[in-house]
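So you know, we letter chains A, B, ... as the sequences are listed, proteins then strands, and number each from 1.
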Number of protein chains: 2
Amino acid sequence: MNAIVNTRVPFEILTSLAPQLDVPNDGRPVPLSFFHAGSEIYAQGEKVASHYQIEFGAVRIYRLLADGRRQITAFHLAGEMFGFEADLAHHFFAEAIVTTGLRTFRPVAGLDRSRELLPLALRCMVRAQEHLLVVGRQTAIERIAAFLIDMADRQGELTQIELPMSRQDIGDYLGLTIETVSRVLSRLRDRGVLKFHGLRSLEIRKPETLRSLCE
Amino acid sequence: MNAIVNTRVPFEILTSLAPQLDVPNDGRPVPLSFFHAGSEIYAQGEKVASHYQIEFGAVRIYRLLADGRRQITAFHLAGEMFGFEADLAHHFFAEAIVTTGLRTFRPVAGLDRSRELLPLALRCMVRAQEHLLVVGRQTAIERIAAFLIDMADRQGELTQIELPMSRQDIGDYLGLTIETVSRVLSRLRDRGVLKFHGLRSLEIRKPETLRSLCE
DNA sequence: AAATCCCTTAGGACATAACCGAATTTCGCA
DNA sequence: TGCGAAATTCGGTTATGTCCTAAGGGATTT
């Protein structure tokens with residue numbers, strides 16, 4: 001996985017880094033594009049033009065109900081790929097959570113990528129299905145615990161976690177309100193399970209307690 | 001889609017039908033196997049040996065928590081394929097809901113099926129992600145409405161629905177208890193939206209009302 | 001046709017998490 | 001370092017859905 005995770009680098013500096021990051025792929029340079037925090041990468045209903053690999057930063061994939069309720073179906077971190085769809089149109093929205101650099105892969109006519117794409121799609125599928133168990137059948141504290149363990153695993157660091165997303169994002173991912181997310185995190189802090197260094201940086205002090213919470 | 005949906009045919013009769021149903025595929029006959037209601041097709045942790053197409057009947061894919069809570073991640077009906085996994089082991093359980101006939105596809109060494117499998121895997125992925133929105137952000141009545149509309153769409157018939165699964169199955173699919181499922185269905189019946197012909201056979205009397213419930 | 005069993009429905013008490021309003025903290029920016 | 005806006009946290013109240021118990025209904029078996 002990429003070493004640069006969820007940093008808040010000013011946009012100007014990023015642009016100057018572009019030439020170094022823009023390494024060739026399959027003999028052809030793949031363009032690297034930048035997205036400010038909160039900016040849209042693609043929208044639901046849009047035609048699928050390419051898929052993406054995250055060079056640095058983080059992305060949220062989500063869907064909206066008519067009254068504004070939002071479900072985030074996935075977070076993607078540095079090194080991961082996203083943007084696959086079942087047909088020609090996007091079924092979800094994708095937004096940069098923080099300043100994010102993406103490598104864009106456009107499909108090449110006549111070139112069959114299904115052999116490489118299949119394992120990635122399968123992994124996405126299993127992840128979504130496993131997340132269903134969390135959202136459908138676990139309590140608030142179990143959901144938060146599962147989320148923190150997942151984030152820790154994906155960031156490599158076992159005890160130190162950087163959260164690129166807001167409490168609202170976490171709530172919309174876990175099917176909880178922002179208040180419940182905040183309350184549960186505070187309770188875990190008070191119990192000595194977590195220690196915060198700022199709002200979005202934390203340390204797991206009792207990994208075994210956290211793990212026992214999601215059964 | 002196959003015409004035979006969710007019928008309760010005695011096992012003996014099914015066996016006698018086997019020769020007719022066992023049509024060749026790729027010049028080689030694909031074996032058809034039968035499963036009684038409730039019998040296991042594969043278990044979580046088992047090595048993936050093949051994937052399956054449903055000739056008739058219905059299948060539930062699920063996962064369990066240590067204390068017995070269950071989340072059904074998908075129902076599969078006649079004509080559909082299932083059993084794909086991200087690696088060599090099954091991440092979920094699969095069970096026949098009613099008496100079910102399956103066509104089993106074993107991977108052939110040296111034969112790359114990813115081109116055919118990718119669209120199926122992507123469809124499964126999108127379906128799971130869309131289901132996340134239902135389970136994570138919708139109310140009980142909205143979930144039931146979405147479920148009924150999905151079942152109607154997949155069975156071809158627009159107003160007549162046969163439910164192969166129990167109320168418990170529906171609850172475990174939608175993240176609700178059996179009582180809530182029952183209560184909501186009764187309320188929809190009392191409101192004249194649904195009309196039941198037995199417990200597992202129903203008619204949508206007001207499709208537009210149902211549709212307006214999931215926004 | 002009767003009996004049994006299991007699934008389903010119903011009703012009430014309870015609990016978890018949502019909702020509402022407000023105080024507090026954090027972080028970007030000067 | 002200090003200011004201000006935004007995000008987060010906190011407390012109280014409410015509602016939705018769960019839990020528990022019991023009654024009802026349908027299907028299968030004999």
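Panel note: side chain B:Gln53, backbone B:Gly79; a donor-acceptor pair is recorded below 3.5 Å. Using modelled atom types, no side-chain atom of A:Glu95 and backbone atom of A:Ile61 make a donor-acceptor pair closer than 3.5 Å.
If you measure from atom CD1 of A:Ile97 to atom C1' of D:dA7, you get 16 Å, rounded to the nearest angstrom. We find that NE2 of B:His36 is positioned 15 Å from P of D:dT28, with the value rounded to whole Å. Taking atom CG of residue B:Leu188 and atom P of nucleotide C:dT9, one finds them 12 Å apart after rounding to whole Å. We find that CZ of B:Arg167 is positioned 14 Å from C1' of C:dC6, with the value rounded to whole Å. When the P atom of D:dT8 is taken as reference, atom CG of A:Leu202 falls 13 Å away, rounded to whole Å. Distance A:Arg187 CZ to C:dT16 C1': 11 Å, rounded to the nearest Å. The nearest whole Å value for the distance from the CG atom in B:Leu194 to the P atom in C:dT9 is 12 Å. To the nearest angstrom, P of D:dA7 lies 9 Å from CZ of A:Arg200.
Under a 4.0 Å N-O distance rule, the pair B:Glu130/A:Arg63 qualifies as a salt bridge.
Here B:Arg143 does not reach the OP1 or OP2 of D:dG17: none of its side-chain N or O atoms lies under 4.0 Å away. Checking the phosphate oxygens (OP1, OP2) of D:dC10, a side-chain nitrogen or oxygen of A:Ser186 falls inside 4.0 Å.
Taking CG of B:Leu77 as the reference point, atom CZ of B:Phe75 lies at 9.0 Å (rounded to 0.5 Å).
The closest side-chain donor-acceptor pair between A:His91 and A:Glu85 falls under 3.5 angstrom.
Along DNA chain D, the nucleotide nearest A:Asp190 and the nucleotide nearest A:Arg137 are compared for position; the residue whose nucleotide lies closer to the 5' end is A:Asp190. Comparing B:Phe196 and A:Thr139, the nucleotide of DNA chain C nearest to each residue sits closer to the 5' end for B:Phe196.
Each of C:dT8, D:dG17, D:dT9 was ranked by its minimum atom distance to the side chain of A:Leu199; first place goes to D:dT9.
The stretch residues 168-185 of chain A comes close to DNA chain C through A:Gly175, A:Leu176, A:Thr177, A:Glu179, A:Thr180, A:Arg183, each having a heavy atom under 4.0 Å from the strand.
From one end of the helix from C:dA1-D:dT30 to C:dA30-D:dT1 to the other, with five pairs defining each end axis, the axis direction shifts by 50° (rounded to 10°).
Remark: A:Arg70 qualifies as a cation-pi partner of A:Tyr62 under the 6.0 Å distance and 45° angle criteria applied to the six-membered ring.
Within 4.0 Å of B:Gly198, counting heavy atoms only, lies no atom of the nucleic acid at all. Residue contacts for A:Arg189: at a heavy-atom cut-off of 4.0 Å it reaches the sugar-phosphate backbone alone, with no base atom in range.
Ring-plane geometry between B:Tyr173 and B:His131 is classed as parallel, the angle between the planes falling under 30 degrees on a 0 to 90 degree scale with a further cut at 60.
Here the side chains of B:Tyr52 and B:Arg103 are not in contact, with every heavy-atom distance at 4.5 Å or above.
A:Arg143 and A:Leu174 make their closest contact through NH1-O, 2.8 Å (heavy atoms, listed as atom of the first residue, atom of the second, distance). Of all heavy-atom pairs between A:Leu188 and A:Leu213, the closest is CD2-CD1, 4.0 Å.
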